[in-house]
Participant: 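Below you will find the structure I want to go over with you.
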Number of protein chains: 2
Amino acid sequence: MTSDPVRLGVAGLGRGFMLTLPSILADDHVRLVAAAAPRSESREAFVAEFGGRAYASVEELAADPDVEAVYIATPHQMHREHAEVLAGGGKHLLVEKPLAISMDDATAIVDATVRAGVKLVTGPSHSFDQPVLAARRLIDEGRFGRVRMIHALNYTDFLYRPRRPEELSTELGGGVVFSQAVHQVDVVRVLMGGEALTVSAMTGAWDPARPTEGAYAALIQFDGGRFANLVYSGYAHFDSDTWQDDIGELGTVKDLGRYGAARRALATVSSPEEEAALKSGRTFGAVDVPPVAPHAEHFGPIIVSCDRADLRLTAKGIEVWGDTERSFIATPADPSPRAEVLKGLHDAVRGNDPPLQSGGWGRASLELCHAILDSARTGGPVTLQHQS
Amino acid sequence: MTSDPVRLGVAGLGRGFMLTLPSILADDHVRLVAAAAPRSESREAFVAEFGGRAYASVEELAADPDVEAVYIATPHQMHREHAEVLAGGGKHLLVEKPLAISMDDATAIVDATVRAGVKLVTGPSHSFDQPVLAARRLIDEGRFGRVRMIHALNYTDFLYRPRRPEELSTELGGGVVFSQAVHQVDVVRVLMGGEALTVSAMTGAWDPARPTEGAYAALIQFDGGRFANLVYSGYAHFDSDTWQDDIGELGTVKDLGRYGAARRALATVSSPEEEAALKSGRTFGAVDVPPVAPHAEHFGPIIVSCDRADLRLTAKGIEVWGDTERSFIATPADPSPRAEVLKGLHDAVRGNDPPLQSGGWGRASLELCHAILDSARTGGPVTLQHQS
């Protein structure tokens, strides 16, 4: 039991907030005290549900003296402006991945927090998932030897979920590379340890009606000849959760009867406005807060090849495939799927060991996303510059 | 029922022959009439089991007037010499993958068959597996739209099976790229259609006791922005057949109680000679001919992403993940897992539609293997020259 929860404000009461809310409510590392959101319905729902203050602007939230830290869950392209305002108000920051869209914005966010002397954590991302962190600890204990290769794959219907227009424009931060590759990159960086050196990648943009990257494959070279291979399809019909005990990304068991639901729902809309409205219908205030998921979150099958074992991560724990035998290490139960993020924020704010996923970390992961896009465009490998 | 089986000779009675033998015996497209092998025990076993002639040299086999075609299943580095001798004797050829180790040797083999006016099929390879060929036919029918991305993964203990010394030396054609990548490349080429343009790859050689590549990941760019992603570990503890109904590469259900058997067996040998002897113990004459496998062969999970469906290949057939529903298309039962290879040889020899997997095809797949090695060494993409 934490006796001094961080008094948390939230900027943005959209989909990102909804996905983290069950964990926030179940956790004692943070206490929700205020929010900023442009839509009055969202603000009213916030006050009705949690009490506290709900502001129309981020500036007002930044001026609230009772708020210690703010979770920035606004659209990617607004992170910089909101981070600068909030850091200027002395608030510690938890910024949704990707930290920003442009590297300049990411650098500006890091600089703003350094200037203000506040902490910055980039998250939530799936690198905070309990099986990922548990695997990292097992690897650090040394009994499996060195991590040599990591393979991460994920097949989802990401591109057919309801989107705002900018989410379908790469220049505006849309497509699967900024929103999804950043998870795989984060997970791989945590598990591999060490520094990424180069990226070679190919991307696919196959659906003219949704003109952004919906799929990619990437090779990331790490120090010592180690490498990671990522593959992702957001156009997918195949659902790689079939290899994850039919547990979805958010830690809940999937209803297999809903096969094809995203494409079916999308077929009912006839304009970008209708599609955006469909997305708004999934935000805070429009639907009930879901219960805490029973399993850890995950981002698709991940296989970590070490000298003396392969580790396969599932939503329930870690399959250890050793030289002579197999075993399964169940992930210790956390109060909620996003507990590690909230604990990480608490540790950072209270001066304990902060999580790996700092602002610089978030910027390095963003650089990898850009490298995927750049390599796919140029056809050659991209050498990374901002990893250390 | 084929009334005119091709009278088949075999060069090499080792492991490759053993793996194809059950299909040869079950098939009426070919009839085994002669063999060449350096070991007298193998020759004696051949005659005792099948009758026919068994020669100590490939030259004698080439001179046997009753032999129409020869299956060259000798070690990779001998393919060229044996192919030149046998083509010179007017024999049609079925040459095990990889067609050769060097591109020069592959070209010499193709040239020798052209000069002699004999047919050349490169195989067996997993591109002849029934689910692969069935998927290709479904794709050609057009209802799934264009193939956009293919992902192939395979985690095996390849590097820990008993090996002759040259199989652990890349210069001599050892390692997983020549022996295993060639399968993935063949399968992907059949499924994708069209022409491969470039390769970017990384390889791993992690075990100093087995100093060759044991793992790789590769991106292959095809025409029209389409691409394939391959990942392979021959160091694996994880067994990707767990995602293939626990059916092994050769179409038999795995005995999960034998987990770790390859590494355990290898731990009992103390010299390269003992290891080579362990391998010889698995060749023809040393062990019984296994029964015909009940399922198709396969080379690990393969996901083919098309515009309107993803196809997942298993040893039992094809999972079709469509826009609105899933279905399963069982692969039609063939007389044996390698029936398509033998039928292909028969068609080529008898002047019917020959299989895709010609000599030029085998050379193109070999070029892709070299490109994987070259890209891993140089760090950049390799442009292919011999694909058409």
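By convention in this document, chain letters (A, B, ...) are assigned in the order of the sequence lines, proteins followed by strands, and residues within each chain are numbered from 1.
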Participant: Pick one of side chain, backbone, both or neither for B:I220, based on which atoms fall under 4.5 Å of a heavy atom in chain A.
Facilitator: backbone
Participant: Look at B:G260, B:S200, B:G322 and state which one has the largest set of heavy-atom pairs under 4.5 Å with chain A.
Facilitator: B:G322
Participant: Of the listed residues (B:L230, B:I303, B:D307), which shares the most heavy-atom pairs with chain A below a 4.5 Å separation?
Facilitator: B:I303
Participant: As a quick check of understanding, evaluate side chain to side chain contact (heavy atoms under 4.5 Å, CB included) for B:R326 and A:L256, giving each step before the final call.
Facilitator: CA-CA 11 Å; B:R326 287 181 57 174; A:L256 300 183; 5.7 Å; no
Participant: For B:F144, is it the side chain, the backbone, both or neither that has a heavy atom under 4.5 Å from a heavy atom of chain A?
Facilitator: neither
Participant: For chain A, find which of B:H151, B:R146, B:R263 contributes the most heavy-atom pairs closer than 4.5 angstrom.
Facilitator: B:H151
Participant: Quick check for you: to the nearest 0.5 Å, what is the distance between A:M202 atom CE and B:Q221 atom CD?
Facilitator: 5.0 Å
Participant: For the interface with chain A, which of B:A215, B:A236, B:G145, B:P301 has the highest count of heavy-atom pairs at distances below 4.5 Å?
Facilitator: B:A236
Participant: Which bit of B:R308 comes within less than 4.5 Å of chain A, counting heavy atoms only: side chain, backbone, both or neither?
Facilitator: backbone
Participant: Give me the atom names and distance for the closest heavy-atom approach of B:L219 to A:A217.
Facilitator: CD2-CB, 3.4 Å
Participant: Name the region of B:L311, side chain, backbone, both or neither, that has any atom closer than 4.5 Å to a heavy atom of chain A.
Facilitator: neither
Participant: Just jot down the ring-ring contact (aromatic ring centres under 6.0 Å, His included) partners of A:F222, sequence neighbours excluded, or say none.
Facilitator: none
Participant: Given the options B:D207, B:D323, B:T324, which has more heavy-atom pairs under 4.5 Å with chain A than any of the others?
Facilitator: B:D323
Participant: Should the ring pair A:F227 and B:W206 be called parallel, tilted or perpendicular, given that the plane angle runs from 0 to 90° and is split at 30 and 60?
Facilitator: tilted
Participant: Which region of B:R264, side chain (C-beta onward) or backbone (N, CA, C, O), has a non-hydrogen atom less than 4.5 Å from a non-hydrogen atom of chain A, or is it both or neither?
Facilitator: side chain
Participant: Using 30° and 60° as the class boundaries, would you call the ring planes of B:W243 and A:W243 parallel, tilted or perpendicular?
Facilitator: parallel
Participant: Could you tell me which residues in residues 376-387 of chain A have at least one non-hydrogen atom under 4.5 Å from a non-hydrogen atom of chain B, sorted by residue number?
Facilitator: A:G379, A:G380, A:P381
Participant: Would you mind checking which part of B:S375 comes under 4.5 Å of any heavy atom in chain A, side chain (CB onward), backbone (N, CA, C, O), both or neither?
Facilitator: neither
Participant: For B:C306 and A:H237, work out which heavy atoms get closest and say how close.
Facilitator: O-CE1, 4.1 Å
Participant: Quick one: what part of A:T203 sits under 4.5 Å from any heavy atom of chain B, side chain, backbone, both or neither?
Facilitator: backbone
Participant: With a 4.5 angstrom heavy-atom cut-off, which part of A:R312 approaches chain B: side chain, backbone, both or neither?
Facilitator: side chain
Participant: Tell me, for B:Y155 versus chain A, whether the close heavy atoms (under 4.5 Å) come from the side chain, the backbone, both or neither.
Facilitator: side chain
Participant: Identify which of B:V320, B:D239, B:L153 forms the greatest number of heavy-atom pairs closer than 4.5 Å to chain A.
Facilitator: B:D239
Participant: Got a second to check how far B:N229's CG is from A:S233's OG, nearest 0.5 Å?
Facilitator: 12.0 Å
